[in-house]
Participant: 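First the structure, then my questions, so here it is.
Given the structure is predicted, the values throughout are model-derived calculations rather than measurements. When a residue number appears, it is its place in the shown sequence, counting from 1.
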Amino acid sequence: MENKRNKFLTVTAAALAVTAVAVVPASAASPFSDVKESHADFEGISTLYAAGIISGYPDGTFKPDTNVTRGQAAKMIAGALKLDTKEVEDPKFTDISASNPYYGSIAALVGLNVITGYGDNTFRPNQTITHGDLAKILASIPTLPELESAKNHEASEKVTRGQLATFIAEALTKSNPETPETPETPETPETPETPADAFSLSILHVNDTHARANELPKLATAVKEQREAKKNVLTLHAGDAFNGTLYFNEFHGQADLALLNEIGFDAMVFGNHEFDLGASPEGHQALADFVKGAKFPFVDANADFSADDKFTGLFTDLISSEPENGKIYSGIVKEIDGEKVGIFGLTTEETVDIASPDKVTFTNYIEEAKKAVAAFEGMGVNKIIALTHIGYNDNPNVDNDILLAKNVPGIDVIVGAHDHTKLDEPFVVDTNTVGEAKDATLIVQANEYVKYLGTLDVTFDGDGIVTEYGGELIDLGKVAEDESLVKLLAPYKAKVDEVNNKEIGVTLKEALANPRASETSLESVRSNETALGNIITDGMLAKAQKYTDKTVVMALQNGGGIREAIPAGNITVGQVITVLPFGNTLALMDATGAELKAAFEVSLKNAPKENGGFLHIAGAKLQYDSSKEVGSRVVSIEYLDKATGKYVAIEDGKTYTVATNAYTAKGGDGLDMFAKAYEEGRVTDLGLSDWENLQEQLLSLKEVKTTTEGRIVDVAKKQ
């Protein structure tokens, strides 16, 4: 350990030498509006600004006479030493997590033994630092010269920002004797061009949280820390809070809502999964209850709830400057520090195909966005945020954020979701659809499943144009849980744990995988036959045959509906439910051979790449050629004739009975031919739970196979 410490100290000394800077003369222009040439710390502040070590506040001030906190001091010192504040070891202080803005700087300095915490294992980053404390810190840095400027202060006196800048500047200029204190041709630091009417806003955002209620206590901590460190904060949820875990199966959004309300949001847009229950006997009652109970408003400019009486009194297609919690608007206006910010929402039009919106309808996102922007501008609002659930760079034939930014002028920020993209920093769109320059639109998205809290700090000029920005994702895996939210979650968690841990009586020697495509492999539940898909469809086929006198020739399951693997060991109820979490039911459908062939062409449209509508099968075999054009890929479809024990080719003109889930039977994933069958009364929903069917099938097996059987074969791979 001693050798490691000496190595770090050597690095620190080297950093001081490398960052030696030249003193800026007193005649130089002031870099900040509140730092005049007459200020005692002008020279030190100007020197560090010229060296790129400090930048001040977005409003063009430095606030030199404000007392420095321990966290701020750590950040300035680490910046002066040019330390790596990203790849750091956790200092393990109980009062500072990875989401704290000073975390990296503190961790870097702790790693160098430059600073330490208190005996109770805290660091107290918000506590002001004294000259005595600072002297100890500076003394721990090797080769640091004696600072004349530090001798004139009492140990108990508080350190100001200006004084700290002076100390650091003096240390850096003296650390390299070869550097003259006054250069022959000093550079004059530029004055920040921050107009008096500039406005700075901090946006915190999450998306696609998918019922990860157990992760929300960490989110609460990160949000709280960001709010303490920043001002003018907006907190936004970009949709898909529903579905994905037992918390949703058991509580239909109420567990998540309790914690989201406690965290505090300014607005939320609906994701496609918010509409998953539309086909259930209760319809969208759970969604209506979620809206009513929310302590924040919802925005959705292209969704129309008016035909569903469950939303009567909850929905208006207007933009409101006085929004109420628990209500749905096209957009809202928030007044923040005297400035008006417009927020409108958009939900992907694909929701019709990939969820069950029932009576809720969706209109074109570009047209509705233009209307929203025009409405805001008519209200004198020139800072506009689109809160979207359409995908960052998703299907261009339907909708995505990049196309939105290019097609609709006036949008400053797009807070996105849907395709679970991890944007480590804001993506800037500054050209329109024909390549002409436009005012910048910033696009942000924070991946999925409460893994990250997105942050965006943006400055607008008086005309509402973005002039400065910065953003990052805070890794919530490194953040401590908020204990008050842990207690709030406890009763929900107890019920979930009870269900989750109940064993069904089946043991797996090997895991039933649920692969997804990666950079190294195209193998995926959304593009290939899987053992788990086979077991699911086998269970559907067996169950369906018990409910009809007709011969059920095959069963179909969309790959996008299979959400999790089952690990080796004793299978629990919770594991079965997380495989099929959407509450789907078993349905019988009469379809022609031509319709089935057309459905498989849709299933294979992206082959060999992923498609959520990729159909797994039981009772049949499918051969296709991924090298052929889309729409002409099916080579053969054969079903097993139980009477002869042989496979028989499907004929276009014949009608066959097949089993599938209600979602697919109603035309989900763009299967319009099935939607037609449903409209014509050729579908019967048996109302049997899909996860219960899977559990029953697993229990019926003497041996659970974890390998595939050649039911779906791409002949292009054989060539």
Participant: Do the charged groups of Lys86 and Glu472 touch, with an N to O distance under 4.0 Å?
Facilitator: yes

Participant: Tell me the closest heavy-atom pair linking Ala386 and Ile411, and the distance in Å.
Facilitator: CB-CG2, 4.0 Å

Participant: Mark yes when over 12 heavy atoms from residues, nucleotides or ligands other than Glu481 sit less than 6.0 Å from its CD; otherwise mark no.
Facilitator: yes

Participant: Ion pair present between Asp475 and Lys451, side-chain N to carboxylate O less than 4.0 angstrom?
Facilitator: no

Participant: Would Arg124 and Thr69 count as having a side-chain donor-acceptor pair, cut-off 3.5 Å?
Facilitator: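 Side-chain D/A pair, Arg124 to Thr69: absent.
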
Participant: With a 3.5 Å cut-off and no angle check, do the side chains of Thr94 and Asn121 form a donor-acceptor pair?
Facilitator: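 Side-chain D/A pair, Thr94 to Asn121: absent.
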
Participant: Mind checking side-chain contact (heavy atoms from CB on, under 4.5 Å) for Asn214 and listing every partner two or more places apart, or none if nothing turns up?
Facilitator: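 Asn214 satisfies side-chain contact (heavy atoms from CB on, under 4.5 Å) with Arg212, Tyr247, Leu489 only.
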
Participant: What I want to find out is whether Asp266 reaches Lys334 closely enough, with some N-O distance under 4.0 Å, to be called a salt bridge.
Facilitator: yes

Participant: Take a 6.0 Å sphere around NZ of Lys383 and say whether it holds more than 12 heavy atoms from other residues, nucleotides or ligands.
Facilitator: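 Enclosed: over 12 neighbouring heavy atoms sit under 6.0 Å from NZ of Lys383.
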
Participant: Under a 3.5 Å distance rule, please check whether Ser105 uses its side chain to pair with a backbone N or O of Ala78 as donor and acceptor.
Facilitator: no

Participant: Will you find, in the side chains of Thr431 and Lys406, an N or O donor that is under 3.5 Å from an N or O acceptor?
Facilitator: yes

Participant: Once rounded to the nearest 0.5 Å, what's the spacing between atom NE2 of His205 and atom CD1 of Ile414?
Facilitator: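 Result: 12.5 Å between the selected atoms.
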
Participant: State which residue, out of Val428, Asp412, Val444, fulfils the side-chain contact (heavy atoms from CB on, under 4.5 Å) condition with Tyr469.
Facilitator: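 For Tyr469, the side-chain contact (heavy atoms from CB on, under 4.5 Å) test succeeds with only one of Val428, Asp412, Val444, which is Val428.
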
Participant: Tell me whether Lys422 forms a cation-pi arrangement with Tyr452, defined as NZ or CZ under 6.0 Å from the six-membered ring centre and within 45 degrees of its axis.
Facilitator: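 Yes.
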
Participant: For Ala241, which residues count as a side-chain contact (heavy atoms from CB on, under 4.5 Å) partner, sequence neighbours excluded?
Facilitator: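 Ala241: side-chain contact (heavy atoms from CB on, under 4.5 Å) contacts with Thr209, His237, Met268, Glu274, Phe290.
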
Participant: Can you confirm whether Lys493 is buried at NZ, in the sense that more than 12 heavy atoms of other residues, nucleotides or ligands lie under 6.0 Å from that atom?
Facilitator: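 Not more than 12 within 6.0 Å, no.
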
Participant: Should we say atom NZ of Lys340 is surrounded by more than 12 heavy atoms from elsewhere, each under 6.0 Å from it?
Facilitator: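 For Lys340, atom NZ is not crowded (no more than 12 foreign heavy atoms under 6.0 Å).
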
Participant: Side chains of Asn207 and His418: donor-acceptor distance under 3.5 Å anywhere?
Facilitator: no

Participant: Residues in side-chain contact (heavy atoms from CB on, under 4.5 Å) with Ala258, at least two apart?
Facilitator: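 Ala258 satisfies side-chain contact (heavy atoms from CB on, under 4.5 Å) with Leu488, Tyr492 only.
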
Participant: If the threshold is 4.0 Å, N to carboxylate O, is there a salt bridge linking Lys230 and Asp457?
Facilitator: yes

Participant: Can you measure from NZ (Lys218) to CG (Leu453) and round to the nearest 0.5 angstrom?
Facilitator: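 Here the interatomic distance stands at 13.5 Å.
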
Participant: Side chains of Glu339 and Asn232: do they bring a donor and an acceptor to under 3.5 Å?
Facilitator: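 Short answer, no.
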
Participant: Quickly, which of Ile385, Leu456, Leu204 forms a side-chain contact (heavy atoms from CB on, under 4.5 Å) with Leu236? Name it, please.
Facilitator: Ile385

Participant: So Gln445 and Asp419, side-chain hydrogen bond (donor to acceptor under 3.5 Å, both in side chains) or not? Walk me through it.
Facilitator: CA-CA 9 Å; Gln445 192 180 147; Asp419 54 359; 3.0 Å; yes

